[in-house]
Every structure is written in structure tokens, then in C-alpha cells.
Amino acid sequence: MVMALGACGHRPALGLIRELAQRPFEATMVYAALGDTIIRLSTPDETAHSLRWCLETNIPMLAGGALRAVAVRRPLLDAVRREAASGSSTTVGWTAPARSRGARCRATERGVRPEERL
């Protein structure tokens, strides 16, 4: 369920997800899902802060999930950074609703472009 919230881009759940990440769980794999979801629900500008937060909790599985999510999002974040540096407004940028409709984005030399439905 936690991963589904992240995949759908349901940003209002971010506070609850962070709260859950601070609770003890016997099934430690839940922490990996929480870390992944925290990063996925963060905008590119918030990603560094969210990653730092996950690392500072000292929960290895939470940090691992967050780092995996950063690795997956890296091409998108790089494209957004290039767009911001160039001042170009020709790219789509980061949008969670596109992900929730089954679309995905890919980074190209010209920026982030939505791909066809999965």
C-alpha cells in the first residue's frame, strides 16, 4: 500500500508516511518501501532534504529505500536541473499526476518528455 501511494504521486500522504517511518516494525522491509515513497512524493527541489531526513533517522532499510528511489529518479532530476539552469520553458518538468495516469517520463537532451502510456 505504501508503494502504491508513492507510485500514484499522492503527495498529501507524505506527512503520514514520515510518521510511519518513525515507528518500529518487525517486518523491516516496510522501511524500504517507506523510504522509496518519501523520495517519490518529494518534488525535485525537496529531494535532497527528504534524502537527508531518511539518512538521519539511522534506519538502514529506510535509507536504502530512499537511495534506491533517488537512483531511479536520477535522470529525471538531472533533466530538471538542466532545465532550471538554462531557463528553458519547453520541457514538461516534474508532475505527479502524469505518473498516476500510467504515463512515465524520460529525460532527453531537450528535457523531460512524457512517454506513451505503459
Side-chain angles (χ1 to χ4, degrees):
M1 182 63 94
V2 171
M3 295 290 284
L5 290 170
C8 291
H10 189 68
R11 289 195 41 93
L14 188 56
L16 175 63
I17 299 298
R18 284 181 183 241
E19 182 183 319
L20 287 173
Q22 296 175 1
R23 294 185 184 179
F25 289 100
E26 285 184 37
T28 57
M29 197 59 198
V30 171
Y31 291 117
L34 290 166
D36 180 276
T37 300
I38 288 169
I39 297 301
R40 287 180 184 269
L41 294 179
S42 301
T43 65
D45 293 336
E46 299 170 337
T47 300
H49 174 71
S50 294
L51 178 59
R52 191 174 303 114
W53 184 87
C54 289
L55 294 172
E56 289 174 353
T57 62
N58 293 321
I59 302 171
M61 293 293 285
L62 183 69
L67 289 169
R68 285 186 198 98
V70 167
V72 168
R73 288 184 60 188
R74 178 71 192 260
L76 176 62
L77 294 173
D78 287 346
V80 169
R81 256 189 227 106
R82 280 194 309 271
E83 176 185 340
S86 70
S88 171
S89 62
T90 60
T91 58
V92 175
W94 181 87
T95 56
R99 294 196 64 127
S100 65
R101 290 191 301 268
R104 60 183 174 151
C105 294
R106 66 181 174 90
T108 65
E109 288 185 13
R110 293 186 175 191
V112 179
R113 302 280 185 226
E115 291 185 342
E116 295 179 20
R117 294 178 68 80
L118 299 175

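If you read the sequence from its start, that first residue is 1, and numbering goes on from there.
Atom CZ of residue R68 and atom CD1 of residue I39 lie 12.5 Å apart, to the nearest 0.5 angstrom. H49 contributes atom NE2, which lies 10.5 Å from atom OG1 of T43 (distance to the nearest 0.5 angstrom). Atom CG of residue L55 and atom CG of residue L67 lie 5.5 Å apart, to the nearest 0.5 angstrom. To the nearest 0.5 Å, atom CD1 of residue I17 and atom CD of residue Q22 are 12.0 Å apart. Of the inter-residue distances, the one linking L51 atom CG with T47 atom OG1 reads 8.5 Å to the nearest 0.5 angstrom. With rounding to the nearest 0.5 Å, the separation of SG in C8 from CZ in R40 is 11.0 Å.
Follow the hydrophobic side-chain contacts under 4.5 Å out from L5 and you never reach M3; the two are in separate clusters.
Taking every heavy atom of both residues into account, T28 and M61 meet most closely at O-CB, 3.6 Å. In this structure, R18 and S50 approach most closely via the heavy-atom pair NH2-OG, 2.9 Å. The shortest heavy-atom contact between G35 and C54 is CA-SG, 4.4 Å.
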Test side chain to side chain contact (heavy atoms under 4.5 Å, CB included) on L34 and F25 and set out the steps. CA-CA 11 Å; L34 290 166; F25 289 100; 4.0 Å; yes

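At a threshold of 4.5 Å between non-hydrogen side-chain atoms, the residues W53 and L62 count as touching.
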